[in-house]
2 protein chains.
Amino acid sequence: MKKKLSIVDIANELNVSKTTISFILNGRAQEKRISNELVERVMKYVAEVGYKPNSLAKSLRTGKSNTIGLMVEDISNPFFASIARLIEDRAYKNGYKIIYCSTDNDTSKTQDLIGMFRDRHVDGYIMAPPEGIEEDIESLIKDGMPVVLFDRHLPGVKTDFIEIDNLFSTYNATKHLIEQGFKNIAFVTFASHQTQMVDRVKGYEDAVKSDGLKSTVKEIVFNQDEEQIMVPLRDFFKENPNIDAILFGTNHIGTCGLKVMNELGKKAPTDIAVISFDDYDVFKLHSPPVTAIAQPVEAIADNVITVLLEKLNDRSSSAKPQSIVLKTDLRIRNSSLKK
Amino acid sequence: MKKKLSIVDIANELNVSKTTISFILNGRAQEKRISNELVERVMKYVAEVGYKPNSLAKSLRTGKSNTIGLMVEDISNPFFASIARLIEDRAYKNGYKIIYCSTDNDTSKTQDLIGMFRDRHVDGYIMAPPEGIEEDIESLIKDGMPVVLFDRHLPGVKTDFIEIDNLFSTYNATKHLIEQGFKNIAFVTFASHQTQMVDRVKGYEDAVKSDGLKSTVKEIVFNQDEEQIMVPLRDFFKENPNIDAILFGTNHIGTCGLKVMNELGKKAPTDIAVISFDDYDVFKLHSPPVTAIAQPVEAIADNVITVLLEKLNDRSSSAKPQSIVLKTDLRIRNSSLKK
DNA sequence: GTGAAAGCGCTAACAA
DNA sequence: TTGTTAGCGCTTTCAC
């Protein structure tokens with residue numbers, strides 16, 4: 001186990017002061033008017049011995065850790081997993097590492113996690129915030145930490161966020177079902193006061209109401225566990241035999257919904273037409289293919305990281321927070337077409 | 001933006017030396033025979049003002065970062081995403097944070113990433129290693145870093161790894177197809193020299209050979225991009241019209257395979273029987289449901305983190321590396337049953 | 001039982 | 001143009 005070289009070792013070996021080395025390594029040679037010759041000699045030696053500055057020490061000194069904290073609801077959910085992947089790529093390209101964690105939409109867990117991230121001196125936060133976390137986020141912002149929210153935002157908290165047009169998405173999807181001639185359209189979602197969920201419900205309700213149809217909203221308690229979602233779904237189907245179309249509010253519920261429909265032998269679209277939020281392989285490959293509200297995952301990730309990097313590079317600027325709202329794409333497939 | 005308290009602030013406020021504070025905070029009060037009274041006073045004050053030691057400084061001093069580096073092939077792949085989720089939970093429970101990254105199975109990218117992790121002083125490494133990374137891993141180990149591999153291992157590199165019985169898995173799946181009466185069974189996989197892939201091919205070949213059947217292996221160049229996988233798959237189906245059963249070597253290929261079959265109007269199991277490695281919603285919900293080789297994801301994650309924590313807690317022990325091989329579960333569904 | 005002080009490796013103000 | 005030096009906040013040896 002060879003000992004790691006420090007800047008002092010380099011300085012001694014080259015008979016130069018460590019300051020000079022530091023300047024050269026940090027690209028400030030020009031500014032400090034250090035001779036090209038020296039710069040070259042140093043760079044060559046550094047490359048040769050493979051010296052890498054200790055980033056911990058650097059962080060301690062500069063207060064920067066080049067780390068971004070990413071908090072999602074559940075990293076194993078395909079929506080968040082794909083966002084995470086894209087954010088990771090872009091972050092690494094810009095010299096940032098990602099520490100991630102799953103909040104499970106649990107407020108107190110998230111508070112702990114924020115504490116850990118803070119403790120780790122992450123430079124910035126990207127999160128899909130759970131309910132009730134407003135104060136913690138505000139305190140983060142007050143302390144000058146860049147925070148970018150996505151998938152939802154916190155009304156009242158002034159910070160940047162990237163989200164999609166949830167209201168229009170479900171409105172549009174519901175309208176599509178209505179146009180197809182379905183009359184008894186249900187919306188199944190997680191019980192939640194989060195903005196994205198509230199908007200999704202509202203979009204659905206606006207649409208059914210505008211056509212004088214009955215609104216049937218089934219709210220399920222948030223849970224990662226499939227069985228806990230499927231139980232109330234089974235009940236729902238039994239209690240509402242007259243439903244002829246259903247809109248699922250998230251990919252997780254959509255997948256569980258399809259499973260329950262399978263169990264019960266209900267076929268789309270003949271028994272019940274189906275649309276789900278989010279577009280994944282499960283929906284594309286299903287028989288029949290399931291109509292889905294596709295989120296622009298790449299654009300979301302791009303915007304998130306772009307906004308965060310902007311804030312990171314320009315800490316002082318207290319420019320007005322940006323709210324970016326992206327469009328979704330209703331991918332119409334057989335599951336929602338009236339025969 | 002309130003200034004963060006340091007141990008010195010606490011010491012001054014309490015008129016005690018920072019050493020004493022440090023001892024108390026690190027649970028060495030007893031050992032150092034510090035008066036209970038003082039301990040209490042310090043603890044009370046610390047709790048009151050919400051003082052948290054600067055972990056960066058602590059890491060710099062102790063060399064421990066309480067961070068684990070997790071390197072998977074692609075965090076957005078459901079297999080790795082679910083493993084990541086489980087590892088995350090267990091790591092956090094034990095006071096460790098996770099920094100993750102996706103290797104894309106790219107050797108030089110992985111080398112960079114290892115460099116970053118090393119630079120960040122992660123305490124331990126969990127990885128699904130790409131090919132050609134042997135030396136880097138060995139150098140990690142030589143430097144005393146705990147490394148646990150999973151999903152595959154590197155022959156010749158002496159370190160702990162957790163994997164599944166790949167050979168038996170595909171052997172068993174192939175046997176199942178043979179028992180069902182299929183005669184022209186193909187195996188479609190990524191071209192790779194990685195242990196898990198080699199074993200999967202071998203399991204398949206052993207099975208077909210043992211029954212005197214022809215072996216048809218289609219190797220596809222590794223790629224995350226679906227289209228790049230689907231193109232050779234389309235060719236394969238066209239060039240091999242007589243295939244009556246197919247075994248997909250990974251979930252990604254399996255999913256793409258189903259898509260191509262959809263395009264071409266080929267139905268399982270009547271046109272071609274299908275089995276895929278890994279068991280996910282796509283396969284469960286498919287019509288017909290797809291027979292799958294389910295990996296024990298939880299057991300893998302559990303074992304990985306257990307072994308790593310053991311090594312972390314007992315650095316000195318150069319106990320013989322553990323190789324844990326777990327069983328898979330062939331979940332037989334309609335896609336592989338002869339009508 | 002407690003405290004002084006060295007030092008982990010680095011940056012940057014200030015000197016020279 | 002380069003070097004000296006003072007910390008960043010913490011742990012730990014050694015002395016009292």
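Put simply, the side chain of B:Thr19 and the base of D:dT11 share no donor and acceptor less than 3.5 Å apart. The base of D:dT1 does not come close enough to the side chain of A:Arg33 for any donor and acceptor atom to sit less than 3.5 Å apart.
Residues satisfying the salt bridge (Lys or Arg N to Asp or Glu O under 4.0 Å) test with A:Glu88, not counting sequence neighbours, are none.
Ion pair A:Arg85/A:Asp89 flagged as a salt bridge, since at least one NZ, NE, NH1 or NH2 atom sits closer than 4.0 Å to an Asp/Glu carboxylate oxygen.
An end-to-end axis angle of 50° holds for the helix from C:dG1-D:dC16 to C:dA16-D:dT1, taken from five base pairs per end and rounded to 10°.
For A:Ser35, counting side-chain heavy atoms from C-beta on, the closest listed nucleotide (D:dT2, C:dG9, D:dT11) is D:dT2. For B:Ser17, the side-chain atoms get nearest to C:dA4 when compared with the rest of C:dA4, D:dT11, D:dG3. Closest contact between the side chain of A:Ser6 and the listed nucleotides C:dG9, C:dT11, D:dT11 involves C:dG9.
Within a heavy-atom distance below 4.0 Å of DNA chain C, no residue of residues 47-59 of chain B is found.
In this structure, B:Ile34 reaches the sugar-phosphate backbone alone: every heavy-atom distance under 4.0 Å involves primed, P, OP1 or OP2 atoms, never a base.
Contacts classified as ring-ring contact (aromatic ring centres under 6.0 Å, His included) and involving residues 82-116 of chain A (residues at least two apart or in different chains) are given here: A:Tyr100-B:Tyr100. Residue pairs meeting the side-chain hydrogen bond (donor to acceptor under 3.5 Å, both in side chains) criterion with at least one partner in residues 35-55 of chain B, sequence neighbours excluded, are A:Asp119-B:Ser55.
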Every protein N/O lying under 3.5 Å from an N/O of nucleotides 14-16 of chain C:
none

